[in-house]
Amino acid sequence: MRKKIIHIDKNLVTRLRGGDDHAFKALFNKYQNDVFTYTLSLVKSKVHAQEIVQDVFVKVWLKRTTLKPDKSFKSFLFTITKNLSFNFLVKAANERQLRQEVFYKAVLSYSPIEDLMLSKEYDLLKQQAINRLPPKRKRIFEMSRNEGKSYQTISTELGITKQTVKNQISQALRNITGYLESYGEITLGLILSLLIF
């Protein structure tokens with residue numbers, strides 16, 4: 001059965017590479033629900049999950065000529081989905097209203113069992129990731145997360161613009177999640193521990 005699915009995907013991807021919009025629609029119809037479910041499990045918002053699904057398939061269309069029919073289309077699709085979902089979470093962390101909407105729902109659905117079992121390992125990995133940040137970025141990140149200071153306060157204390165603070169925090173989150181991903185240890189619990197404050 002799995003071989004049959006791979007063969008069908010290979011055929012559709014080959015056609016998609018040539019710009020066949022029927023093949024694109026077939027792949028969209030086949031995978032949109034799986035992508036939506038996975039995205040929703042991360043972002044906890046149906047509206048935003050639907051937007052991300054659209055963005056995922058726009059990227060697929062734009063990258064169609066670079067697709068490799070012999071590679072797993074599903075893996076490619078879920079890599080894009082994961083990246084766009086994490087980008088959304090980073091953005092949500094920097095926008096108050098969005099942060100409340102997304103992370104409040106995530107906290108309600110988050111099971112603390114995983115956190116209790118792995119908290120020491122996660123804390124160690126997270127601290128290793130933070131320690132790898134450039135000194136200025138690390139200081140800004142710690143002022144925000146550990147000391148609970150607002151972007152405006154950090155801006156005033158360090159003599160930099162508020163936008164610079166926002167940019168540094170966003171980049172720090174990308175650096176940290178990238179480090180954690182390289183260890184295969186990025187989970188919703190870790191994202192929440194990094195982004196909620």
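Values in this document were obtained by computation on a predicted structure and should not be read as measured data. Any value given below was found using the heavy atoms of this structure, including those in side chains, with hydrogens, waters and symmetry copies removed.
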Please determine whether side chain to side chain contact (heavy atoms under 4.5 Å, CB included) holds for the pair Phe76 and Val60, giving the CA-CA distance in whole Å, both sets of side-chain angles, and the decisive distance to 0.1 Å. CA-CA 9 Å; Phe76 169 75; Val60 169; 4.2 Å; yes

Apply side chain to side chain contact (heavy atoms under 4.5 Å, CB included) to residues Gln168 and Ile154 and explain how you reach the verdict. CA-CA 11 Å; Gln168 288 294 315; Ile154 298 170; over 6 Å; no

Do Asn167 and Gln171 meet the criterion of a side-chain donor-acceptor pair at a distance under 3.5 Å?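 Result is no, nothing qualifies.
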
Testing the 3.5 Å rule here: is there a donor-acceptor pair between the side chains of Thr156 and Thr153?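 Absent: no donor and acceptor within the cut-off.
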
Would the distance check show the side chain of [X] and the main-chain N or O of [Y] forming a donor-acceptor pair, the cut-off being under 3.5 Å?
| X | Y | value |
| --- | --- | --- |
| Arg17 | Lys68 | no |
| Asn131 | Gln127 | yes |
| Thr37 | Asn33 | yes |
| Thr81 | Val35 | no |

Phe24 vs Trp61 aromatic rings, parallel, tilted or perpendicular, using cut-offs 30° and 60°?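 Perpendicular.
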
Assess the residue pair Asp9 and Lys74 against the criterion (salt bridge (charged side-chain N to carboxylate O under 4.0 Å, His left out)); give the C-alpha distance rounded to whole Å, side-chain angles, the decisive distance to 0.1 Å, and a yes or no. CA-CA 9 Å; Asp9 280 3; Lys74 189 171 183 179; over 6 Å; no

Do [X] and [Y] make a side-chain contact, defined as non-hydrogen atoms from C-beta onward lying under 4.5 Å apart?
| X | Y | answer |
| --- | --- | --- |
| Glu157 | Lys149 | yes |
| Phe36 | Lys46 | yes |
| Met143 | Leu158 | yes |
| Ile130 | Asn175 | no |
| Arg139 | Lys136 | no |

What distance do [X] atom [atom1] and [Y] atom [atom2] have between them, rounded to the nearest 0.5 Å?
| X | Y | atom1 | atom2 | result |
| --- | --- | --- | --- | --- |
| Lys30 | Phe73 | NZ | CZ | 9.0 Å |
| Lys25 | Gln32 | NZ | CD | 13.0 Å |
| Leu40 | Gln50 | CG | CD | 9.0 Å |
| Asp20 | Asn11 | CG | CG | 9.5 Å |
| Ser170 | Arg137 | OG | CZ | 10.0 Å |
| Leu84 | Ile52 | CG | CD1 | 7.0 Å |

Could you check Ile169 against Tyr151 for side chain to side chain contact (heavy atoms under 4.5 Å, CB included), going step by step and ending with a plain yes or no? CA-CA 9 Å; Ile169 293 288; Tyr151 289 179; 3.5 Å; yes

What are the two closest non-hydrogen atoms of Thr39 and Ala49, and how far apart are they?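 Distance-wise, the nearest heavy atoms are CG2-CA, 3.7 Å.
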
At their closest point, which heavy atom of Ser155 faces which heavy atom of Thr161, and how far apart are they?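 Heavy atoms of Ser155 and Thr161 come nearest at OG-C, 3.6 Å.
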
What verdict does the side chain to side chain contact (heavy atoms under 4.5 Å, CB included) test give for Arg174 and Asn87, after you've listed the backbone C-alpha separation in whole Å, the side-chain angles of each residue and the deciding distance to 0.1 Å? CA-CA 8 Å; Arg174 289 181 190 280; Asn87 289 346; 2.8 Å; yes

Scan for salt bridge (charged side-chain N to carboxylate O under 4.0 Å, His left out) pairs involving residues 50-65, sequence neighbours excluded, and state none if there are none.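 Every candidate salt bridge (charged side-chain N to carboxylate O under 4.0 Å, His left out) pair involving residues 50-65 fails, so no pair, neighbours aside, qualifies.
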
For Tyr31 together with Phe57, are the ring centres under 6.0 Å from each other?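 When the ring centroids of Phe57 and Tyr31 are compared, they turn out to be at least 6.0 Å apart.
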
